[in-house]
Amino acid sequence: MHTSVSQPRPRFRHFGYEHRTNGTVVITRACRIVAVVRGDAQVLRFLDELASADAQEVLARWVTRLARASL
């Protein structure tokens, strides 16, 4: 009888962000840039949403939103 050894699951890597002096917000995951929020209105909307909800969920949602917008 063969038993399988379960492989360790990859560790969840959290999102991060940096509000840069040029006005953009860079979203990262695992220390890599995954999205950039540009434009005063979008940056303000992003920062407002970030302040009022779970940061990890907001960052994930914005990465998905920005990826779809670039298609």
Side-chain angles (χ1 to χ4, degrees):
M1 178 194 249
H2 176 67
T3 59
S4 63
V5 177
S6 64
Q7 296 294 321
R9 298 179 93 194
R11 202 174 125 204
F12 178 72
R13 307 213 187 218
H14 295 284
F15 288 99
Y17 74 97
E18 177 185 355
H19 192 183
R20 296 198 170 166
T21 56
N22 65 1
T24 62
V25 175
V26 176
I27 301 173
T28 59
R29 185 171 185 204
C31 299
R32 294 185 178 165
I33 296 173
V34 293
V36 179
V37 183
R38 293 183 174 93
D40 294 338
Q42 266 199 316
V43 168
L44 286 174
R45 191 169 358 136
F46 169 77
L47 294 173
D48 285 343
E49 191 174 333
L50 196 60
S52 65
D54 178 65
Q56 293 300 303
E57 289 180 14
V58 172
L59 291 166
R61 192 168 37 250
W62 274 79
V63 167
T64 303
R65 182 182 301 159
L66 292 168
R68 287 181 181 164
S70 68
L71 292 177

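Residues Leu50 and Tyr17 meet the side-chain proximity criterion, which asks for heavy atoms closer than 4.5 Å.
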Donor-acceptor list for residues 19-28 side chains, cut-off 3.5 Å, not counting sequence neighbours:
residue, atom, partner, partner atom, Å
Asn22, OD1, Thr24, N, 3.1
Asn22, OD1, Thr24, OG1, 2.7
Thr28, OG1, Gly16, O, 3.4

Run the side-chain donor-acceptor check on residues 31-43: report pairs under 3.5 Å with partners two or more places apart or on a different chain.
none

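Here the CD-CZ distance, from Gln56 to Phe15, works out to 7.0 Å after rounding to the nearest 0.5 Å. Of the inter-residue distances, the one linking Glu57 atom CD with Arg61 atom CZ reads 6.5 Å to the nearest 0.5 angstrom. The CG atom of Leu59 sits 11.0 Å away from the CZ atom of Arg29 when rounded to the nearest 0.5 Å.
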